[in-house]
Protein chains: 2
Amino acid sequence: MPITLEEIAKLSGVSRSTVSRVVNGHENVREETRKKVQSVIDELNFQPNIAARSLAAGKTGIMGLVIPAGVSALFSDPYFPQLIQGISSACNKRDYSMMLWVDEPNYRLRTIRQLLYSGLLDGVIISSMLMEDPIIKSLYERHMPLVLIGRHPELNVNYIDVNNQAAANKATSFLINCGCSRIATITGPINMIAGYDRYQGYCTALDQHGFDLDNSLVAEGDFTEVGGYDAMKQLIPQKPDSVFIANDTMAMGALRALHEAGIRVPEDISIIGFDDSPIAPHATPPLTTMRQSPYDMGCEAVNTLIEIINNQVRPPQQIVIESELVIRESCLSKEFVKEAI
Amino acid sequence: MPITLEEIAKLSGVSRSTVSRVVNGHENVREETRKKVQSVIDELNFQPNIAARSLAAGKTGIMGLVIPAGVSALFSDPYFPQLIQGISSACNKRDYSMMLWVDEPNYRLRTIRQLLYSGLLDGVIISSMLMEDPIIKSLYERHMPLVLIGRHPELNVNYIDVNNQAAANKATSFLINCGCSRIATITGPINMIAGYDRYQGYCTALDQHGFDLDNSLVAEGDFTEVGGYDAMKQLIPQKPDSVFIANDTMAMGALRALHEAGIRVPEDISIIGFDDSPIAPHATPPLTTMRQSPYDMGCEAVNTLIEIINNQVRPPQQIVIESELVIRESCLSKEFVKEAI
DNA sequence: AGAATATATGAGAGCGCTCCCACAAAGAAA
DNA sequence: TTTCTTTGTGGGAGCGCTCTCATATATTCT
């Protein structure tokens with residue numbers, strides 16, 4: 001039996017309205033009154049009923065987070081956990097709460113309906129990865145306050161993203177500058193925007209440096225360790241001298257395949273990953289990689305969403321975070337070796 | 001501007017009450033009326049306002065899920081992602097939604113308050129791992145419908161758990177039966193219940209087979225890959241002939257340390273893990289391990305919680321799932337080798 | 001047939017809150 | 001002083017729903 005505003009009012013000898021003002025930090029309450037009411041609130045551990053507040057004010061302080069199913073595969077990658085943690089942490093700071101929706105295709109209609117029409121959510125963060133996503137489209141069309149993690153290929157919508165193309169380009173260029181010439185890549189799924197963008201960055205880097213794209217040096221992975229392992233096995237017969245791998249988790253798998261095959265890293269082959277995930281510095285050898293911080297992206301997304309919720313209509317915010325090259329020991333500069341000899 | 005019951009009522013020429021009955025599947029509505037109303041509902045994509053429903057009925061169809069912070073460490077393990085997916089999937093099936101609370105110590109008071117007093121949650125699932133958890137205690141004392149993932153050391157509360165002790169015992173006994181005699185272990189954090197229980201199982205197995213506990217063969221890990229790697233490095237000088245490792249993620253790290261040290265698995269040392277995580281069959285060599293399914297535990301937890309919510313007071317449900325030994329190639333039977341020679 | 005029961009629908013109250021407006025008390029301007 | 005503002009507080013309406021109760025219609029029993 002929870003406590004109500006009315007009871008607090010009775011106990012502190014003021015009206016319901018005044019208690020409401022105290023709870024919501026409105027001005028025009030005498031300091032003395034405020035203190036008296038606050039002490040009753042604290043004593044009884046009063047917490048306003050969110051449902052009632054929502055009904056009356058049209059705001060809930062709750063935001064939705066939609067992440068794709070198939071996370072059990074994707075989740076072997078620490079990307080989502082970090083993202084969730086960032087979002088959750090930022091929500092706590094801003095006094096918001098988070099509802100999590102795992103987007104299972106079978107229940108997609110239910111998800112969309114509840115997201116949109118239940119009146120429970122002030123806004124939604126979507127970490128979709130697919131090129132086409134019906135949820136995004138629905139929410140966008142209905143003007144639900146919305147922030148994406150990762151850019152959208154068509155819609156002019158708010159998003160936070162790393163500059164995947166530029167980062168992949170930088171990574172590939174780094175391999176080229178190390179003197180590598182048979183540069184392979186293990187991509188993410190090409191129907192995911194991040195997978196697509198990183199592959200594009202690889203292609204443009206090759207092009208800019210006068211290399212031709214060799215399809216036998218391209219293997220599509222799925223962002224999992226095992227996917228990286230399999231893709232690397234497929235690439236080994238092509239004898240690449242370096243590989244740009246679209247995330248660190250696949251790089252770990254690739255490393256495993258190379259160790260098994262007796263191919264040394266970086267002496268025989270240079271490896272560069274993507275993410276700078278927690279495991280990268282602990283790989284054997286420590287992994288050169290492109291840094292991105294899903295935790296920070298999550299925080300940024302929350303703050304952006306709250307701005308949107310509060311300020312109503314604004315030009316879409318599209319925040320692109322540059323990714324930084326983290327050089328460790330998995331790449332060997334051929335020039336450097338020549339000099340050393 | 002969402003649609004309301006009243007509007008549906010007007011459009012279908014019945015009263016608000018009748019629409020409510022249709023929406024909630026009550027009986028005593030003429031089939032003809034029901035169809036008429038339903039068609040209007042479908043056409044307008046009507047979704048009842050959860051807040052209003054909650055206020056009026058005292059139920060929301062929302063459950064809370066609390067998982068510990070530090071997940072970014074723990075999340076490198078697929079345990080939580082799978083658990084979340086199981087819970088989410090079961091919620092979808094049962095027409096519930098899930099709010100996720102990452103338990104950050106700094107915001108614990110806020111979490112508890114909102115969990116308990118906001119009136120938004122019909123029940124809570126807690127996947128705490130610590131021996132002492134103030135959140136559990138608060139919710140328990142206030143009679144919030146509650147299911148734990150993992151047993152509680154004191155409280156007589158509903159939970160779903162694997163039989164960690166028995167499973168660890170089985171794993172250790174398996175190593176003994178393979179002819180191993182210097183059996184090491186890499187434990188989880190001992191202040192986590194699962195870590196503690198698995199360690200206990202290891203100890204009792206040793207005891208039952210007449211081995212003494214040798215503390216130099218015990219290394220405490222933290223359930224992460226890197227933790228497993230470090231712990232294994234610490235154990236190698238002790239020259240164990242086998243290791244029981246409290247989860248597969250640490251086992252992957254241990255395997256890495258062993259490869260680096262040139263120690264062959266299983267020829268030189270036998271390794272057994274815990275979880276049968278997705279990566280286990282793909283390890284080098286494929287990992288013998290104890291199977292548990294956090295996905296299924298999540299489903300079970302949801303179903304149990306919904307029962308509790310609906311049936312009010314019941315004796316605490318304590319569901320213990322037996323864990324199954326999955327034999328792969330990371331353990332070698334010494335007997336078998338002798339025979340082979 | 002009339003009375004008793006079963007079935008279908010509507011009206012009203014109220015869940016706990018916010019927000020608008022009314023009004024009292026106090027201070028500033030005339 | 002009177003008038004006009006400012007500040008602090010209370011009362012009422014209403015958010016969209018569920019639920020109980022009253023009422024109207026259909027079915028069964030004597």
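Proteins come first, then strands; the chains are lettered A, B, ... in the order of their sequence lines, and each starts at number 1.
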Phosphate-side-chain proximity, [X] and [N], N/O vs OP1/OP2 below 4.0 Å:
| X | N | answer |
| --- | --- | --- |
| B:Ser15 | C:dA11 | no |
| B:Ser54 | C:dC15 | no |
| B:Asn28 | C:dA8 | yes |
| A:Arg30 | D:dT9 | yes |
| A:Thr18 | D:dG8 | no |

Notebook entry, point to check: Does the side chain to side chain donor-acceptor pair (under 3.5 Å) test come out yes or no for A:Asn303 and A:Glu307, once each step is laid out?
Noted result: CA-CA 6 Å; A:Asn303 292 331; A:Glu307 278 183 45; over 6 Å; no
Check: Would one find more than 12 heavy atoms of other residues, nucleotides or ligands at under 6.0 Å from atom NZ of A:Lys137?
Finding: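 12 or below, so no.
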Item checked: Dot-bracket summary - DNA chain C, pairs being Watson-Crick or G-U whose distances fall under 3.5 Å, with | when paired to another strand -> |||||||||||||||||||||||||||...
Check: Quick one: which of D:dG10, C:dC17, C:dC15 gets closest to the side chain of B:Leu55?
Finding: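 Looking only at side-chain atoms, B:Leu55 lies closest to C:dC15.
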Protein-nucleotide distance ([X], atom [atom1]; [N], atom [atom2]), rounded to Å:
| X | N | atom1 | atom2 | value |
| --- | --- | --- | --- | --- |
| A:Arg53 | D:dG16 | CZ | P | 18 Å |
| A:Ile41 | C:dC17 | CD1 | P | 10 Å |
| B:Lys36 | C:dT9 | NZ | C1' | 11 Å |
| B:Arg34 | C:dT9 | CZ | P | 12 Å |

Next item on the list: Starting from the C-alpha separation in whole Å, work towards a yes-or-no answer on side-chain contact (heavy atoms from CB on, under 4.5 Å) for B:Arg53 and B:Ile50.
Entry: CA-CA 5 Å; B:Arg53 173 178 280 179; B:Ile50 294 189; 5.5 Å; no
Next item on the list: For side chain to side chain donor-acceptor pair (under 3.5 Å), just list the numbers for A:Glu104 and B:Ser88, CA-CA rounded to whole Å, side-chain angles, deciding distance to a tenth of an Å, and then say yes or no.
Entry: CA-CA 9 Å; A:Glu104 299 185 285; B:Ser88 165; 4.6 Å; no
Check: Do B:Lys10 and B:Glu7 pass the salt bridge (charged side-chain N to carboxylate O under 4.0 Å, His left out) test, and can you show the C-alpha distance, the side-chain angles, and the key distance before you say yes or no?
Finding: CA-CA 5 Å; B:Lys10 203 160 291 169; B:Glu7 298 176 56; over 6 Å; no
Checklist line | Contact pattern, 5' to 3', of nucleotides 19-27 of chain D - B, S or - by protein heavy atom under 4.0 Å | finding: B--------
Next item on the list: Return the minimal non-hydrogen interatomic distance between B:Ile8 and B:Ser12, and the atom names on each side.
Entry: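 It is O-OG, 2.5 Å.
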Next item on the list: Please confirm whether the backbone N or O of A:Thr60 pairs with a side-chain atom of A:Asp122, one donor and one acceptor, at under 3.5 Å?
Entry: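 It does hold such a pair.
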Next item on the list: Could you point out which residue of A:Asp161, A:Asn156, A:Thr304, A:Asn158 forms a side-chain hydrogen bond (donor to acceptor under 3.5 Å, both in side chains) with A:Gln318?
Entry: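 Per the side-chain hydrogen bond (donor to acceptor under 3.5 Å, both in side chains) rule, the option paired with A:Gln318 is A:Asn156, out of A:Asp161, A:Asn156, A:Thr304, A:Asn158.
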